[in-house]
Amino acid sequence: MRVSVALALFTADLRVHDNPVLWAAVRDAERVVPLFVVDTGIRRTGFVVPNRAAFLADSLADLDAALRARGGRLVVRVGDVIEETCRVAAQTGAAAVHIASGVSRYATRRENRLRAELSGDGRELRVHDASITAVPPGALTPADKDHFAVFTPYFRRWETFPVRRVLPAPDAVRVPDVRSADLPRAQSLAPGPTSPGLPAGGESEARRILRSWLAGPLAAYEERHDDLAADATSRLSPYLHFGCLSPTELLHRARAQDSPGAHAFVRQLAWRDFHHQVLAARPDAADHDYRPRHDRWRHATKDIKAWQEGRTGYPVVDAAMRQLRHEGWMPGRARLLAASFLTKTLYVDWRVGARHFLDLLVDGDIANNQLNWQWVAGTGTDTRPNRVLNPLAQARRFDPHGEYVRRWLPELRHRNAAPDPAGPYPAPIVDLASATARFTSARRTAASGTRRPP
């Protein structure tokens, strides 16, 4: 039996296509309130930064336009998400509130508080899985454990999981009479400068990029995704982070191509789900070592600043960091190199790097950002925690002609060969051989608890 009014609370699912929250609300109710709350609680955490605020503002405007094309509109409120959601539900007589399931500590607390407050008013909270991930966290578990700690066995199970079908966008959305604040502007969400090359947000842009990606580049993904100069990754991660694109739809459409490139890309989608299921089971991994190694990290203020500004003297690392500052984004291989250099070469706490990435990345996601940093630092799920990525060897392998480096380091553009730290470029701030030895020694010393490493 259909109810009169339902509320669809948008969080990290800012789309009308394949949205279980919106689809269920429209199916179950005669009228629907598509609600987004500019949550002052999240703003206080420091997670809302200029780059993501600009992308969010774009995405909300695009979502509002998509709803208006269907006869509806986006209702915006500002304040505590629980108070505002309950207030709108009471004002419209909504019998149920629909929301996508999240995995962070904040999302879990939000869900629990909302359920308690709504039930006190005789209303129901309906939580929808497989909206932010393709496979719900917790759907796959090994025997006698609550999550997979290693990717490969998880991936084997993930590949055979019966993923839900893709849901259609609603033809019409009827919205009751309810007050709405104006759509937020980026500067009102997080004042400050944004990266000059920041991508535009929104589902429309996501679907345009998706069409282009599926039409050709996906087929070559396996052989080209680590080629730094080729820029051969999908660039869809910001749209997945904000839910402008459904991971379930993306998975179905990639699998339909059945090519080596598509299979390699699907594996990356599985990594995304893997990290979400780890964080769901171990929420403290957002800021604590998943597998403690008893590291005694260096407090190297000058080295950290040089790394942040792309002035380490190692061109491929500096190119990656300058791309991050300019675009609010960087390809996966560049992220690995930059993270390995900070944690393994400079021996600086992974949390320092993770925070800097979150300050700039438009796709900054707690599950993937923090757990990828831990993977590189050797405190996470990597089965080889002491691996070190040599930036010179990595540059020769993934930027053999120096094109990526010259693209982001104008001071080296006159050079024809792949640059090593030489010529007009600053001297490296560390010697690789001694740094690797220092890292190995420091880890052994920290583990033994004998003395503080140098």
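Below, all heavy atoms of this structure are taken into account, side chains as well, without hydrogens, waters or symmetry copies.
- The neighbour count for R224 CZ, taken as heavy atoms of other residues, nucleotides or ligands under 6.0 Å away, does not exceed 12.
- Contact check for R31 versus T92: no side-chain heavy atoms found under the 4.5 Å cut-off.
- Proximity of the aromatic rings of Y347 and F439 is defined here by a centroid distance below 6.0 angstrom, and this criterion is met.
- For the pair T343/W373, a side-chain contact is recorded, criterion being any heavy-atom separation below 4.5 Å from C-beta on.
- Ion pair D284/R105 not flagged as a salt bridge, since none of the NZ, NE, NH1 or NH2 atoms sits closer than 4.0 Å to an Asp/Glu carboxylate oxygen.
- Side-chain contact of Q394 with R333: a donor-acceptor pair under 3.5 Å is present, judged by distance alone.
- Put simply, the side chain of S119 gets close to the backbone of A116: a donor and an acceptor are under 3.5 Å apart.
- In this structure, R322 and R407 have side chains that are not in contact, with every pair of non-hydrogen atoms separated by 4.5 Å or more.
- The two atoms that bring P176 and V32 nearest to each other are CD-O, 3.5 Å, heavy atoms only.
- Side chains of E327 and S195: a donor-acceptor N/O pair is absent below 3.5 angstrom, by distance only.
- Taking every heavy atom of both residues into account, P34 and F10 meet most closely at CB-CE1, 3.6 Å.
- You'll find the ring centres of W213 and F265 inside the 6.0 Å limit.
- Distance alone, capped at 3.5 Å, places no donor-acceptor pair between the D121 side chain and the R123 backbone.
- Among the candidates V37, V33, L125, V21, the single residue satisfying the side chain to side chain contact (heavy atoms under 4.5 Å, CB included) test with L9 is V37.
- Close placement of the W271 and F274 rings is indicated, their centers lying within 6.0 Å of each other.
- No close placement of the Y154 and F161 rings is indicated, their centers lying 6.0 Å or farther apart.
- In this structure, H241 contributes its side chain and V362 its backbone to no donor-acceptor pair below 3.5 Å.
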- Give the intermediate values and the outcome of salt bridge (charged side-chain N to carboxylate O under 4.0 Å, His left out) for residues D363 and R335. CA-CA 12 Å; D363 62 6; R335 299 185 197 206; 2.8 Å; yes
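- Between I99 and R110, some side-chain heavy-atom pair lies under the 4.5 Å cut-off.
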- Message: Could you go through D382 and Q374, starting from their C-alpha distance and side-chain angles, then the distance that decides it, and tell me whether this counts as side chain to side chain contact (heavy atoms under 4.5 Å, CB included)?
- Response: CA-CA 8 Å; D382 188 8; Q374 291 222 48; over 6 Å; no
- Show your working on side chain to side chain contact (heavy atoms under 4.5 Å, CB included) between F357 and M330 and close with a plain yes or no. CA-CA 10 Å; F357 271 29; M330 59 209 298; 3.8 Å; yes
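- Nearest heavy-atom pair, R27 versus R2, reported as atom, atom and distance to 0.1 Å: O-NE, 3.2 Å.
- Residues A149 and R291 come closest through the heavy atom pair CB-NH2, 3.5 Å.
- A side-chain donor-acceptor contact under 3.5 Å links D318 to the backbone of T312.
- Of the possible donor and acceptor atoms, none in the side chain of D399 sits under 3.5 Å from a partner among the backbone N and O of A229.
- Put simply, the side chain of D227 never gets that close to the backbone of A232: no donor and acceptor are under 3.5 Å apart.
- Side-chain contact check for R235 versus P199: every heavy-atom pair is 4.5 Å or farther apart.
- Proximity of the aromatic rings of H128 and W23 is defined here by a centroid distance below 6.0 angstrom, and this criterion is not met.
- Side-chain atoms of F47 and R52, non-hydrogen and from C-beta on, do get closer than 4.5 Å to each other.
- Not one N or O on the side chain of D295 forms a donor-acceptor pair closer than 3.5 Å with the backbone of W297.
- With Q91 contributing its side chain and D177 its backbone, the two residues share no donor-acceptor pair below 3.5 Å.
- Side-chain contact annotation: H263 with E222, donor-acceptor N/O pair under 3.5 Å absent.
- L74 is not listed as a side-chain neighbour of S180, based on a closest heavy-atom distance of 4.5 Å or more.
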- Carefully, step by step, assess R126 and D28 under the rule salt bridge (charged side-chain N to carboxylate O under 4.0 Å, His left out). CA-CA 11 Å; R126 298 181 184 174; D28 294 347; 2.9 Å; yes
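- Remark: aromatic rings of H275 and W375 are distant, center separation not under 6.0 Å.
- Comment: E117 does not engage R113 in a salt bridge, judged by the lack of any side-chain N to carboxylate O separation of less than 4.0 angstrom.
- Counting heavy atoms from C-beta outward, L360 and V49 have side chains that stay 4.5 Å or more apart.
- Remark: the backbone N or O of T11 is paired with a side-chain donor or acceptor of D13 at under 3.5 angstrom.
- A donor-acceptor contact shorter than 3.5 Å links the side chain of R174 to the backbone of E30.
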